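Take a look at the structure below.
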Amino acid sequence: MTGVTEAAAGVSVVIPVKGRVEPTRRLAASLAVAAANCPEPVEVLLVDDSAEPQARQHRITCDRHGIRYVATVEPYVGAKRNIGIGLAKHDLLMFTDSDCLVGPDALRRHVEAVRSAPARVAGVAGPTFTDPSPTTMFRIMRNSHLLNWDFERPAEGGELVWATTSNLMLRRAAVKEVGGFPSRCLDVVGGEDLELGIRLSKRGYVIRAVPDAVVTHDSMCTDSVRTVCRRLYGYGRSEQWLSTVHPDRRVPHANLVTALGLTASVSAALVRRTRGRSLLLTPVVAGAAVAVGALRRYRVERPPPKVGDVALRTVLEWCFDAGAVVAAIRLRRPTQLFTGFRAEGKPGADRKS
């Protein structure tokens, strides 16, 4: 990141992208409406590392909507956002994703909130709701805390340590003060928004929620088993990376995949002594874990969901723990097989998920 330079009052919207041509077109159209309703000037920067012909399609979209197209070979999302920050000409930075739609009043509400906030408020964040879908997978995962809580949390108002970059406006000076987003994570995307929020928090900043500044997320992210598992697996991996960057926020966590792995190892070691009966231990433990997890969800959700739905959701959410296990092994940190990461509050508080 370069040093802080004088910036004109206004909003610079930074969008990292790779592929996703049609969703980006829809986002660009939504931003055109939001910009027209904003009381301050708005520029939009699309930072793209797509290959042709997708890059050409993005350039056409940018020309149509007056968006500044920025080509890059940088694949990491945090690095792409930093490129946009370096080119931004305004003092407020709005971050959203290519598979989102920005509400018509979102920019206006964000600007009004941040302009009236004290200097300790680094920026503002609104909720991101997933566009409803008729698919079975969407119904099953709609109430998944791991998938949706961080996106929807600003709807409750108050002050936050961090917020997702699907709907986040920050003061450019505050972002540059802490050095911008991490340019490298464990994966090309995952955890960079949380990590930035923690560094802002350590400098004494907070992020203020704006419940009525709404962004809508494409439902494709929860429409199939594959996409759900990939998202949860990635979240688990990013948690372990965050634990290495901010070890003070590491907390004990009973990782179910770790527990099942240990159970399988013990049962295999006891095969001869138990004449094979120990092989039943792993499925019994797995079944008990599913039953307990599903029952806990069934009791707290209103209206009560289908029993099969909460059982399947419980199993799918193990992808989060699987990602954490794989990342801990890759990072050569075996002790993290038994820990999680706490994003909010003081070290030692409950794990975020």
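Since we're looking at a predicted model, the values are computed, not measured.
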Can you get from V17 to Y69 by hopping between Ile, Leu, Val, Met, Phe, Trp and Tyr side chains that sit under 4.5 Å apart?
-> yes

Shared hydrophobic cluster for Y235 and V326 (ILVMFWY, side-chain gaps under 4.5 Å) | no

Which distance, rounded to the nearest 0.5 Å, do you find between the CG of D150 and the OG1 of T128?
-> 10.5 Å

Given side chains that start at C-beta, do those of V228 and M137 come closer than 4.5 Å, heavy atoms only?
-> yes

Should the ring pair F95 and F181 be called parallel, tilted or perpendicular, given that the plane angle runs from 0 to 90° and is split at 30 and 60?
-> perpendicular

With no hydrogens and no angle check, is any side-chain donor or acceptor of R250 less than 3.5 Å from a backbone partner on S243?
-> yes

Measure the shortest side-chain to side-chain distance between P41 and H90 over non-hydrogen atoms and say whether it is less than 4.5 angstrom.
-> yes

Hydrophobic cluster identity match, F341 and V161, side-chain contacts under 4.5 Å | yes

Does T258 reach the side chain of D321, with side-chain heavy atoms less than 4.5 Å apart?
-> no

Check: K18 and K80 side chains under 4.5 Å, non-hydrogen atoms | yes

Look only at the side chain of N255 and the backbone of V257, and say whether a donor-acceptor pair between them is shorter than 3.5 Å.
-> yes

For side-chain hydrogen bond (donor to acceptor under 3.5 Å, both in side chains), just list the numbers for Y205 and E177, CA-CA rounded to whole Å, side-chain angles, deciding distance to a tenth of an Å, and then say yes or no.
-> CA-CA 11 Å; Y205 289 110; E177 180 184 332; 2.6 Å; yes

What distance do Q240 atom CD and L186 atom CG have between them, rounded to the nearest 0.5 Å?
-> 9.5 Å

Might you work through the side chain to side chain contact (heavy atoms under 4.5 Å, CB included) test for L196 and W162, ending with a clear yes or no?
-> CA-CA 8 Å; L196 174 65; W162 75 285; over 6 Å; no

Heavy atoms of V102 and S30 approach each other most closely as N-OG, 3.1 Å

Distance (rounded to the nearest 0.5 Å) between R20 CZ and C100 SG = 8.5 Å

With hydrophobic residues grouped by side-chain heavy-atom distances under 4.5 Å, do V225 and F320 end up in a single group?
-> yes

Is the backbone N or O of Q57 less than 3.5 Å from a side-chain atom of R25, with the two atoms forming a donor-acceptor pair by type?
-> no

Can you tell me how far the CD atom of E40 sits from the NE2 atom of H110, to the nearest 0.5 Å?
-> 13.5 Å

Does R56 offer a backbone N or O that forms a donor-acceptor pair with the side chain of E52 under 3.5 Å?
-> yes

Any side-chain heavy-atom pair from D99 and H217 closer than 4.5 angstrom?
-> yes

Mind checking the OG1-CZ spacing from T61 to R26? Nearest 0.5 Å is all I need.
-> 11.0 Å

Criterion side chain to side chain donor-acceptor pair (under 3.5 Å) against S144, the qualifying member of R313, E317, R297, R231 | E317

Quick one: does S50's side chain have a donor or acceptor within less than 3.5 Å of a partner on G19's backbone?
-> yes

Any side-chain heavy atom of T130 within less than 4.5 Å of one from F151?
-> no

Does some side-chain heavy atom of T96 sit less than 4.5 Å from a side-chain heavy atom of I15?
-> yes

Scan R199, R342, K202 and name whichever one has a side chain to side chain donor-acceptor pair (under 3.5 Å) with H246.
-> K202

With a 4.5 Å limit on heavy-atom distance, are the side chains of L232 and M141 in contact?
-> yes

Interatomic distance, OG@S201 vs CD@E159, rounded to 0.5 Å, equals 10.5 Å

Please answer whether the main-chain N or O of R142 pairs with a side-chain N or O of N148 as donor and acceptor at a distance below 3.5 Å.
-> yes

Stepwise salt bridge (Lys or Arg N to Asp or Glu O under 4.0 Å) test for R108 and D212 = CA-CA 11 Å; R108 175 178 64 82; D212 51 4; over 6 Å; no

